[in-house]
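Written below as structure tokens is the structure these notes are about.
Whatever order the structure lists them in is the order used to number ligands and atoms, beginning at 1.
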Amino acid sequence: MFLSILNSLYVVLKKDESEKEISNILKQLISYTNFHFATEERYFDKFNYSLAEEHKKQHNDLKLKVEEFKKRFDLEGAEILFDLIDFLEDWHVEHLSMHDKKYVECFNKNGLT
Ligand SMILES: [Fe+2]
Ligand SMILES: [Fe+2]
């Protein structure tokens, strides 16, 4: 889901779509990310996940980073979004392998597969 939103952002950028179009996808990206983080964090609390605090910090840092990019986009325009896409791709790979991977055992133990 996340990657497909990133991909559509890349596609509109390539096609030189209007700022409004791009802005909509950015909003979609932010709301999906918030939804996804909130879901993970709800289970952290429910299952008393031991690494919850450091994981939530990762999520919050990402939200702040994306806010910064959004401000830069409003000031500098679509060019900066290539940086955003690169940043998010790297973040996503690292976050999945370093952080999301760690809660799988805890979630499974609590009956979530
Ligand atoms: Fe995740
Ligand atoms: Fe996460």
- Query: H92 and F2: aromatic ring centres closer than 6.0 Å?
  - Reply: yes
- List-wise, which protein N, O or S atoms are found short of 2.8 Å from the Fe ion (ligand 2)? E40 OE1, H55 NE2, H59 NE2, H95 NE2, D100 OD1
- Message: Students often mix this up, so state it plainly: with edges at 30° and 60°, are the rings of Y10 and F82 parallel, tilted or perpendicular?
- Response: perpendicular
- Taking the six-membered ring for Trp and the full ring for Phe, Tyr or His, determine whether the centres of F87 and F69 are under 6.0 Å apart. yes
- Find the distance between CG (L9) and CG (L88) and round it off to the nearest 0.5 Å. 8.5 Å
- Check side chain to side chain contact (heavy atoms under 4.5 Å, CB included) between K15 and all other residues, then give those that pass, not counting sequence neighbours. V11, E17
- Message: Tell me if the centroids of the rings in Y103 and F44 come within less than 6.0 Å of each other.
- Response: yes
